[in-house]
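Notes to accompany the following structure.
Just the heavy atoms: all of them, side chains too, but no hydrogens, waters or symmetry mates, feed the values below. Atoms within a ligand are numbered from 1 in the order they appear, just like the ligands themselves. Counting begins at 1 with the first residue of the sequence.
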Amino acid sequence: MSFSAKALREDFPILGRSVRGKPLVYLDSAATSQRPKQVVDAIVSFYENHNANIHRGVHALAEEAEALVEASRAKTARFIGAPDPETIVFTRNTTESINLVAQGWGRKHLETGDEILLTELEHHSNLVPWQRLAAETGAELRFVPVTDDGVVTLDAARAAMGPCTKMFAFTAMSNSLGTVLPVKELIALAHEKGALALVDGAQWVPHRKTDVRAWDADFLAFSPHKMLGPTGLGILYGKSRLLESMDPILTGGGMIQEVFYDRATYASPPHRFEAGTPHLAGAAAFGAAIDYLEAAGMDAIHAHESALVAKALEVLHAESEVVVLGPKDASLRGGVVSFNIADLHPHDVGQVFDMEGVAVRVGHHCCQPLMRKLGVGGTARASFYLYNTLEDVEALARGLKKVKKFFKVGEPAKVTQRG
Ligand code: PLP
């Protein structure tokens, strides 16, 4: 069946509601996506039919629960082209996945004189964990500079990398500017220098086909809640030998091999990194989200989002008071558009959009250093997903006009006559 955003909106009851008396227009999927009925049903079904704790349960429910969780792990592996399910660790979110690598791998393998390379685009979740690791190990943090358009070039990355670079951690797509990075080439550069590469896939995996083996990524972190799945679940993919070399950051039940009063040995990955009772219902239901995305088709989703972004850029560029941030070259953009209107505060802009039922995100988007570098306090951000339509872009255009009218942007200042 061909891709139809209009048809699949039927699966998302929330998109049928109104907000402030207007039909909801949801342009905030980069923060978290909505979930279709199929995923909500899978969560309910877990609790209604299969709920039990996993790990060596011998009763039927425990076996069913474990089978569902492990089936999702296998599906996740297949979805990102990972060689086997054991390379998939369930965490709480992208943030925890990156912290797990920083602490579990970094503390063991880095020392004074080593360098950790990031880009200037990174979300705080792919920055602060490395800052902490650098402080703990004596390693140095370095950054690939971005152009004024928020682009990371291969030349800039090559120049920033040195013989001491041990880890290059970068986002595949910027959550604040929409820039798409040349992932495969950046990973190859890191490998040339003998460094590992961690890809923050929070904004990529939900929107584009992912193949960790074609990329040769060492680690990939992403969040199911941004791709129709449940909140409270994160994914870390890691090459087997690297996961094997890592220490857990949480210890306790579920991650051990053998325990004595004075010591313990740890299980093999991925269970070594999954101490305590995980988000079982979430993990089980994530499989339904993957099924949904695969049925829609990742290439079709990408093409659909590109068309919406092209239209949104047209609408934004038509207003002279609007400044669009991020790449001028549309082929370097994903489904995120960041903008400012004259010198209005993004929060004011967001509030007027909200009055129109249009949900956009405003602020620094967890990228304070980048905003500082670009000389802005923040932006308004519209982000698109498979269920958005051209009508949503029209609502964005109406919102823009409303903001301009509300704040009298572009109107000549009134001249008051003195008597
Ligand atoms: N990295 C990027 C690029 C993101 O966009 C986000 C969330 O917006 C994160 C990391 C953090 O994701 P989470 O809050 O699910 O940990």
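- Checked by atom type, the side-chain pair W204/T210 shows a donor-acceptor distance below 3.5 Å.
- At a 4.0 Å cut-off, not a single heavy atom of H365 sits close enough to ligand 1 to count as contact.
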Validation: residues 12-24 side-chain donor-acceptor distances under 3.5 Å, sequence neighbours left out:
| residue | atom | partner | partner atom | Å |
| --- | --- | --- | --- | --- |
| R20 | NE | D354 | OD2 | 2.4 |
| R20 | NH2 | D354 | OD2 | 2.8 |
| K22 | NZ | E356 | OE2 | 3.1 |

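- Among protein heavy atoms, atom 5 (O) of ligand 1 sits closest to Q203 NE2, 2.7 Å.
- The single protein non-hydrogen atom nearest to atom 8 (O) of ligand 1 is K226 NZ, 2.6 Å, given as residue, atom name and distance.
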Residue pair T153, D155: steps toward the side chain to side chain donor-acceptor pair (under 3.5 Å) verdict: CA-CA 5 Å; T153 65; D155 285 344; 5.5 Å; no

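- The protein heavy-atom contact nearest to atom 15 (O) of ligand 1 is S223 OG, 2.6 Å.
- The protein non-hydrogen atom at the shortest distance from atom 4 (C) of ligand 1 is H123 CD2, 3.3 Å.
- Summary of contacts: the protein heavy atom closest to atom 14 (O) of ligand 1 is T95 OG1, 3.9 Å.
- Scanning the protein for heavy atoms near atom 12 (O) of ligand 1, the closest one is T94 CB, 3.6 Å.
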Full working for side chain to side chain donor-acceptor pair (under 3.5 Å) between H124 and Q368: CA-CA 8 Å; H124 297 162; Q368 284 182 1; 4.7 Å; no

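- Using a 3.5 Å distance cut-off with no hydrogens or angles, the side chains of N49 and S45 do pair a donor with an acceptor.
- D200 counts as a contact of ligand 1, since one of its heavy atoms falls under 4.0 Å from the ligand.
- Within the 4.0 Å heavy-atom shell around ligand 1 one does not find E122.
- A search for side-chain contact (heavy atoms from CB on, under 4.5 Å) contacts involving M227 returns F79, V205, P206, F222, F286, L293, Y385, not counting sequence neighbours.
- Looking at ligand 1, you won't find any N or O of T171 less than 3.5 Å from one of its N or O atoms.
- By the neighbour-count criterion of 12 heavy atoms within 6.0 Å, atom CZ of R9 is densely surrounded, having more than that number from other residues, nucleotides or ligands.
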